Every structure is written in C-alpha cells, then in structure tokens.
Engineer: 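Input: one structure, supplied below.
In this text the structure is predicted, and so the values were computed from the model without any measurement. All values below come from the heavy atoms of this structure, side chains included, with hydrogens, waters and symmetry mates left out.
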Amino acid sequence: MNMDVFYVVLSIALVLNIINAGFSTCLPGCSCTDDNLGRSLLCMETSMDHIPEDIPDDLKKIRMENCHLTELPQGSFSLNSALEYLWLNFNEITLMNIRSLEGLANLTELRLQGNKLTSVPWTTFQDTPKLKILDLKLNRLDALPEHALKHLPSLTYLDLSFNQLTIISKEVFVNWPLYQSAKKAWGKEGLVSNVVLGLHDNPWLCDCRLKGFVEFVGAVGPPIILMNSYLMCSSPVSKVDKFFHEIQLKTCTKPMASVPDSNVTLPLGGNATLRCIVKARPVPTIQWMYILKMIRGFASTHTQIDEDTVTSQLVIPSVHLADRGIYTCMANNFIGNTSANIMLNIDSPNSSAPIPPPVPMISAEDNAHVDIHIAKQTVYGITLEWHAVTDNPAETWFTIHFGKLDTPKKEMIYIGPGINSYSVSDLLPVTKYEVCVTLKNYPPRKGQCILFVTGSDISELEQRERLIHIVVVVCAMVLAVPAGMYACTTEARFSCVDRCVDLCKKRRMHQEDLEGNERQHTFDSLQAASDEALCRDSNEKATKRRKSEDRCKGGSAAYLY
C-alpha cells in the first residue's frame, strides 16, 4: 500500500515538473497558454520597451499590448517560424525595420492598431506571403505608395482607418495582385473570399489629385467591401464635410500665369504693387524673381479667388532707381511650371541713366561680423541661420549662394533686412553641396561657406517618395568666426575628416596672429547629431593639436527624420 502511494506521489510530481518546465520558458510578467490555436504568449501592460530576445520558439500566437514597445527591429521574431498570429496593439511603435518580419513565412494575422507609425516599409511583407489580416488602424500614416500592396497577394482584410492619409492614388489598388486577379477569380464561387477595406476617418484632401481614388471608391462593390463607404473630405474649404459621392473632381492641370499689366511706370519714391494671376489644379506655389534671383524681404501675398485661381501681389515700398527691371511671377505644381514678366520703370529726371547694380549699405572692406550655422534638419533638407553685426541692420541685404560643390555657377537668393534664416530643400542623396552667405551682390570670400555631403544610408527605413532618409556628413567652415574653427560630423568618412584636419593646419599661422583676441563661439549646427566634434587650431603645442585632430575624427552620423 505504501508503495502504491509512493508511485502516485511520484507520478504527480513528474507531471507537475513537466508542466513547470513548459511554463518556465514563459516571459516574466506574461502568461503562456495552450488552446485550439496552439501555444500562445500573452503580455498585457508589461513594461518591456523592446522585443525580448528569449521569446519561446514554439508559439503560434503572440499578443503584446500596452507594453510600451517603441520599434520593431530586424528579425524581431525570426526564431518564431511557426507564428501565425501577431498582435502588438496599443504600444508606442514608431519604427518598423525593413526586415522586422523576417522568418515569419506562416504569419496570417498582424495587428498594429493604436501605435505611432508614420510610415510602413511595405516591402517587409515579402517575408509574409500568407498574410491575410493587416490592421493599421489608429496610427499616423500620411502616405500610401503606389506599390504598397504589391507584396500582399493573400490579404483579405486591410484597416487603414483613423490615420493621416490625405491623398492616395487609385493605382495603389490597381497594382494589388489580388485586385488584378479578381476579375477572373471572383466570378467563380468559392475561389476568393470577400476583401474588407477600412479607409474612413482620414483627413482626405479632395482636390484633383484624389480624382482617381474618389472614382475607385464610387465604383467599388462586392467582393470588395468598405467598412464605411461614406468617406468624407476634410479640405479644401469648399469641400469640407462633403461625402465622396457628393463631389466631382476635375483633372489636374499645369499652371498658367498672366499679368494685368506687363509694363508698370511709377514716380521715384512711389509704392509699387505688381499683380499676377495663376490658374492651376492643384493650387500652385508662387514665387517672385528679380533678374532671375529669388526675392525675399518685400511683402508678397496670395489670395484664392476660386478653386482654380490664385492672385499674387508683390509690394515694393518707396521704389528707387535700383528697383527698375524685370520682375517674374513663377508658379509651379507637381505637373509643371509657368511664369509671367512685369517691367517696372521709374519715372525720374535721371531715369535715362543705365540701371545701376544694387549697392549694399556696407562696403566689402568693412569687417562685418556674421555667424552662420545649420540650425535645423528636416526630412526635406536643412535650415540655415545667421547673425550679423552691422551699422545698419535695418537696411542690410544678404545673398545666399547655394548649389552642388562641383557646380561653378550657384543659385543666388536675395535676403531682405530683418530676415536671418533660409531653408534649403529637395536635397539629393550622395551629393556634395556648398552654401555661402555674403553681403548683397558680393561673391563669397574665403571662410564664408559651409560644405556638406548627403549620404545614402536608408537601411533602417524604406525610402518613400516624399521623404529623403539620408545621413548628413558635414565638414563645415563657420563664416566670420575665429579662423580655423571647423566641425566634422561623420560616419568614419575619412575624406571629410582628413579635409577638416588639413584645413585646421592651414589656418594655424593665421590663428597665431590673432593673439588670443578672438571671441569664443559655439557650433550648434547639427541638432540631430548624437555627437559633435570641434577641430580647433591654436597657438598651443603640437601635442594639443594632435588631440584636437583625434576629437575631430570622433564624430558620428546625423540622421534626418
């Protein structure tokens, strides 16, 4: 009898040991269960910040919600090859690596509702050919590339509702393999099930760019089913709160510019108002140019007359003889650009004299002190800021010289008094640029330019049409600061580092002549950088110069996000 009791106790202990062994692999703060779907992992409101590395590899379902996850790195679940259901709702995920779903060939359901995704690397779905359900509701997606659904041939449920989508192309769905085969397969009962799309509660911009999508929504029918077929416009003002079926959009057109008066004559000292009328769909951007140079500083206003027409006015107060010449109104949208010219004449006793070049208030010999730095980096480019110490700041004009480093003729932009910043956009990857700030109409002098190189590291994010995810590598000179102060922020780009060190050495003799009277400055031009290094020459000993060079080589990458 005692032996029988012993065997019973031993059997129970073995069973409990097996159970405990199975559950010992579960993550702290989480629970593991077995049900009809297979083995599951459930983590609710567990602070983990990142995907754990010791997730059991025999799971069919993973559910991690309200766990404060911020990103999905490469191969986040690559050891879970049997995984079929992945729920990561209501976290704080802002970034998906392009290979974050690597190894999940059996995944059929992915739910990312209630996160902070502004973009999705759609090519990551090459690793999930069996995916049927994709829930991206309540994120911050603002763009949907034309080939977004190219790698989702099995998808039957897509929820993009409650995002920030404004314009998407009909081609998104035309390029969807499932949609392409639907015409043949859906006619045969049972071959393809219904496809559910959630596109509602997005701030749709109902202009000509949305024409194809509005027509697609109006024509869609079973087996494609919209969760909410009453999609509503959020802009422009003329279409706010109107449903798609209530509007009719026109085809986009190239801008056409005209001027009421192409020849304007004013007395000396009068106020000039130049007018330009532009018709275009969608609404174009309008800029004024003077002798092929962009104008900033004079007041220009734009007024929307109707859905297709904009008027622009350029106001030039108290005109001088130097203001005579041709002014160009330039308009462009994504289809094309156009321009119209206005000749401004000044009526005065000396009006027969040739047009003099604009003369700055400060001569080239004056030692005006100017600080220039890159104040901000955006997804489009950089923003420059400068500070000038002049005798007449209210009347001092500047010229921005910008272009590729190997281009001898740079674009020139006039900057009016009171303006101390300028944004450079549409930068190309893997390109060397030079930007200089000078007094108006003077060519750049030595030490008045910043040199920078754009990189091409997009391994962490898939490059989208609207965004340029690039690395900025800077080897910059600071305008009118102590000679020899440079900044190198690099990703081990030795050519830039060597150039920076070489420039430092070349300035050494000049630096020694300054006898310590220079003002101290900081170079804060790279806010996105994780580290900054200054390379300074001084009249210190050679050992200190070598330490400075080593610091210059220790810079790190600056990303534009």
Side-chain angles (χ1 to χ4, degrees), residues 293-294 296 360 362 364-377 381-390 396-415 419-428 430-455 472-490 493 495-508 510-511 518-519 521-527 529 532-537 552 555 558:
K293 296 177 180 63
M294 190 181 303
R296 290 188 63 184
I362 303 174
E365 289 76 20
D366 286 345
N367 188 21
H369 183 85
V370 182
D371 287 339
I372 179 174
H373 61 274
I374 302 174
K376 182 180 180 182
Q377 299 184 19
I382 62 173
T383 297
L384 297 170
E385 286 186 358
W386 61 90
H387 172 69
V389 179
T390 65
T396 302
W397 283 67
F398 297 93
T399 301
I400 299 287
H401 306 258
F402 177 77
K404 296 180 181 179
L405 182 60
D406 55 357
T407 303
K409 190 172 183 180
K410 302 291 193 297
E411 178 186 0
M412 291 193 296
I413 303 98
Y414 285 165
I415 306 296
I419 299 175
N420 69 334
S421 66
Y422 181 72
S423 295
V424 177
S425 60
D426 299 325
L427 296 178
L428 299 173
V430 199
T431 305
K432 296 180 181 179
Y433 287 100
E434 181 180 40
V435 59
C436 311
V437 177
T438 69
L439 298 180
K440 185 176 180 181
N441 278 342
Y442 283 109
R445 292 182 296 174
K446 194 171 184 179
Q448 293 185 331
C449 303
I450 288 180
L451 311 176
F452 63 95
V453 182
T454 56
V472 172
V473 183
V474 177
C475 202
M477 288 188 292
V478 182
L479 170 61
V481 300
M485 182 181 287
Y486 305 100
C488 289
T489 302
T490 73
R493 298 287 184 101
S495 60
C496 179
V497 174
D498 291 341
R499 174 174 170 78
C500 184
V501 173
D502 182 59
L503 289 171
C504 291
K505 292 179 179 179
K506 289 182 178 180
R507 290 284 185 164
R508 177 173 175 268
H510 178 71
Q511 183 80 355
E518 298 164 342
R519 301 190 312 177
H521 298 266
T522 60
F523 189 92
D524 58 349
S525 64
L526 292 173
Q527 297 178 352
E532 294 179 347
L534 290 179
C535 188
R536 306 182 184 182
D537 267 330
C552 186

Engineer: Could you measure the distance from the CD atom of Glu434 to the NZ atom of Lys404? Nearest 0.5 Å is fine.
Structural biologist: 14.0 Å
Engineer: Mind checking ring-ring contact (aromatic ring centres under 6.0 Å, His included) for Tyr433 and listing every partner two or more places apart, or none if nothing turns up?
Structural biologist: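 Expected list: Phe402, Phe452.
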Engineer: Is it true that Ser421 and Thr383 share a donor-acceptor pair across their side chains at a distance under 3.5 Å?
Structural biologist: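 Short answer, no.
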Engineer: At what distance, to the nearest 0.5 angstrom, does CG of Leu451 lie from NZ of Lys432?
Structural biologist: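 Rounded to the nearest 0.5 Å, the CG-NZ separation comes to 9.5 Å.
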Engineer: Nearest 0.5 Å, what's the CD1-CD1 distance between Ile450 and Ile382?
Structural biologist: 7.0 Å
Engineer: Any chance you could measure Ser423, atom OG, to Glu385, atom CD, to the nearest 0.5 Å?
Structural biologist: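 Going from OG on Ser423 over to CD on Glu385, the span is 9.0 Å.
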Engineer: Could you check if a side-chain atom of Ile413 sits within less than 4.5 angstrom of a side-chain atom of Tyr422, using non-hydrogen atoms only?
Structural biologist: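 They are in side-chain contact.
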Engineer: Are Thr438 and His401 close enough, and set up right, to give a side chain to side chain contact (heavy atoms under 4.5 Å, CB included), and what steps lead you there?
Structural biologist: CA-CA 8 Å; Thr438 69; His401 306 258; 3.0 Å; yes
